[in-house]
Amino acid sequence: MSARRPESWESRGRRAPDALGAASAGSESPAGSRVHNSIMMRRPSLMQEPVLVLNATYEPINVTAVRRAMVLLLKGVAQAEEMHNSEVHSAAHAHRVPSVIRLLAYRHIPQQSRALSRKNILFRDRNTCQFCGAVFASSELTLDHVVPRSRGGRSSWENLVACCYRCNNSKGDRTPEEAGLKLARRPRPFTLHTSRQLMRLIGHRDERWRKYLFY
Ligand SMILES: [Zn+2]
């Protein structure tokens, strides 16, 4: 697996630790839906920011989005271990955004716990088109059946890859060989090992993840 990663992860990971908890919402007052709206408009992707999920034992087990992590906190299933330097505002409250959360009850994680889903395939392939090698936003990627379904190709970890629309169109209903395309790497199931590697890659962007991932 290549260690390539977008430059922004590196530069964003250089945030000074003492900036944590600083008022990232800028000079805006911390209450009211107007603030909520303006924050959400300025930071439309905040709720999709990655949050590291630790087991009750502090073992990193997953990456989720801020939105999902905040639901787990509100339900009392998890507690925040590290905070993002941002807030989201509901009608009555300001909620600090978690960066790392920990499950309160230990969860047994089977070796292959990842559900086969579009989201997880894009995550496994790191939003990289497996034919042209370019990195795209999730919305600009589709899933390609390496062996087309019309040829008996299955919807499986080994036969689904992230693919940009351009490559998907040029491949059409053909195998990569027939279309003159080459896979960047052989698609594999998403194991806990893959998951750890990806958590570490993502962890480079967030200082607060490091102590849980680099040991
Ligand atoms: Zn492509």
Side-chain angles (χ1 to χ4, degrees), residues 1-26 39 42-88 94-115 119-128 135-138 162 185 188-215:
M1 179 181 286
S2 93
R4 201 154 32 97
R5 62 176 174 269
E7 288 304 311
S8 61
W9 290 5
E10 269 299 317
S11 53
R12 289 172 67 178
R14 293 285 176 265
R15 206 154 35 202
D18 62 2
L20 304 188
S24 65
I39 286 174
R42 284 193 303 125
R43 301 282 312 272
S45 61
L46 179 61
M47 295 303 271
Q48 300 305 323
E49 284 282 306
V51 174
L52 181 65
V53 183
L54 307 174
N55 213 335
T57 51
Y58 289 90
E59 180 192 15
I61 52 172
N62 199 4
V63 175
T64 192
V66 164
R67 185 184 302 277
R68 170 78 184 141
M70 291 186 79
V71 169
L72 295 176
L73 295 179
L74 289 169
K75 283 164 89 175
V77 174
Q79 72 177 38
E81 293 292 332
E82 306 283 338
M83 302 307 284
H84 207 279
N85 52 355
S86 300
E87 287 181 342
V88 289
H95 302 276
R96 291 194 62 201
V97 173
S99 167
V100 178
I101 64 169
R102 184 169 67 91
L103 300 176
L104 294 178
Y106 181 78
R107 193 168 295 177
H108 175 69
I109 308 294
Q111 270 302 304
Q112 285 187 19
S113 61
R114 287 274 178 174
K119 194 188 85 175
N120 282 338
I121 286 168
L122 297 189
F123 188 49
R124 178 198 65 186
D125 293 344
R126 277 179 268 154
N127 277 45
T128 306
V135 177
F136 292 91
S138 298
R185 59 199 171 94
R188 294 168 190 276
F190 203 145
T191 63
L192 196 57
H193 176 71
T194 322
S195 193
R196 290 265 158 72
Q197 285 185 315
L198 287 169
M199 284 192 276
R200 287 188 175 137
L201 281 168
I202 296 172
H204 277 281
R205 68 189 273 176
D206 195 328
E207 296 280 346
R208 288 154 294 199
W209 288 24
R210 292 191 175 209
K211 64 180 161 187
Y212 304 102
L213 291 172
F214 301 92
Y215 40 79

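Scope of the values below: all heavy atoms of this structure, side chains included, with no hydrogens, waters or symmetry mates. For the single chain, residues carry numbers from 1 onward in sequence order. Here the structure is a predicted model, which means the values were calculated and not measured.
By the side chain to side chain donor-acceptor pair (under 3.5 Å) test, N127 pairs with S138, sequence neighbours left out. For R68, the side-chain contact (heavy atoms from CB on, under 4.5 Å) criterion is met by T64, V71, L72, not counting sequence neighbours. Every residue two or more places apart in sequence or in another chain was checked for a side-chain contact (heavy atoms from CB on, under 4.5 Å) with A105, and none qualifies.
Of all heavy-atom pairs spanning M70 and P98, the tightest one is CG-CD, 3.7 Å. Pairing each heavy atom of A80 with each of L73, the nearest pair is N-CD2, 3.4 Å. Closest of all the heavy-atom pairs between A78 and I101 is CB-CD1, 4.0 Å. Here the closest non-hydrogen pair linking M199 and P60 is CE-O, 3.7 Å.
Within the 4.5 Å cutoff, no side-chain heavy atoms of V88 are placed close to those of V66. In this structure the side chain of L104 reaches within 4.5 angstrom of the side chain of Q79, judged on heavy atoms.
Here the straight-line distance linking atom CD of E49 with atom NE2 of H84 works out to 4.5 Å at 0.5 Å rounding. Rounded to the nearest 0.5 angstrom, T128 OG1 and R185 CZ are separated by 7.5 Å. To the nearest 0.5 Å, the span separating CG on L54 from CZ on R107 amounts to 12.5 Å. A distance of 8.5 Å separates CG of L52 from OH of Y212, quoted to the nearest 0.5 Å. Summarising the geometry, atom NE2 belonging to H95 is positioned 10.5 Å from atom CE belonging to M83; distances are rounded to the nearest 0.5 Å. Put simply, NE2 on H108 and CD1 on I61 are 11.5 Å apart, with the number rounded to the nearest 0.5 Å.
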side-chain contact (heavy atoms from CB on, under 4.5 Å) assessment of N85 paired with R208: CA-CA 11 Å; N85 52 355; R208 288 154 294 199; 4.3 Å; yes

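Under the 3.5 Å distance criterion, the side-chain polar atoms of R96 are left unmatched by any main-chain donor or acceptor of E87. At least one donor-acceptor pair closer than 3.5 Å links the side chain of R124 to the backbone N or O of R188.
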